[in-house]
Amino acid sequence: MQSLTLAQIRASFVNTSRREATQATPPQDLSTVEWDSLELFGWSDPRSPQRAYVIIPTQHAKAKDGVVGIMLRAVPAPPRQAMCALCEDITQVSDVKMFSAKMAGSAGRNGDTLGTMIHADFSCSTHARRFPSRLEGQDDPQAFIAARTDRLREHAERFALRVLGV
Ligand SMILES: [Zn+2]
């Protein structure tokens with residue numbers, strides 16, 4: 001994805017109040033983020049562990065600067081293994097959480113939310129780039145990884161558009 005500034009990140013949120021967007025500060029120095037190897041950028045709020053944020057690229061006209069920022073809330077649940085709906089990795093299933101997102105606009109103000117399973121540390125881009133297992137076919141690892149990163153991009157964008165209600 002393209003590199004982003006803190007101002008662009010704060011301006012991208014579609015389901016927060018202005019105050020919530022201002023309070024959303026990434027936990028790491030944005031200049032050290034390897035944007036080229038990310039299909040999405042997400043983090044948990046260090047001050048409020050149930051809260052998390054994810055920034056997803058899309059060329060949809062409603063997206064500012066080509067990205068949609070979504071505030072998420074982790075839904076408390078007993079730990080269990082689950083597949084992440086974004087990267088769909090079948091080997092990394094232990095750190096996947098149910099997150100709920102308030103929908104954008106009037107739907108969100110009326111209390112509508114969307115739920116989805118996502119890697120709790122938003123490491124989906126790393127999982128999409130893992131080397132294939134023998135069963136998955138190791139003749140062409142580059143093609144395997146390209147197909148998986150494409151799928152991750154699609155799933156993430158679809159989620160962002162659902163939150164936008166388009
Ligand atoms: Zn994932």
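Order of appearance sets the numbers: ligands from 1, and atoms from 1 within every ligand. Counting begins at 1 with the first residue of the sequence.
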Kindly give the atom name of the N, O or S atom of His119 closest to the Zn ion (ligand 1).
-> ND1

Metal site the Zn ion (ligand 1): N/O/S of His127 inside 2.8 Å | no

Out of curiosity, does Leu114 fall in the hydrophobic cluster containing Val54 (side-chain heavy atoms, cut-off under 4.5 Å, transitive links)?
-> yes

Compare every heavy atom of Glu20 with every heavy atom of Thr16, then report the nearest pair and how far apart it is.
-> CA-OE1, 3.3 Å

Centroid separation Phe159 to Phe99 less than 6.0 Å = no

Would the number of heavy atoms belonging to other residues, nucleotides or ligands and lying under 6.0 Å from CD of Gln28 be above 12?
-> yes

SG (Cys124) to the Zn ion (ligand 1) to SG (Cys84), nearest 10°, is 110°

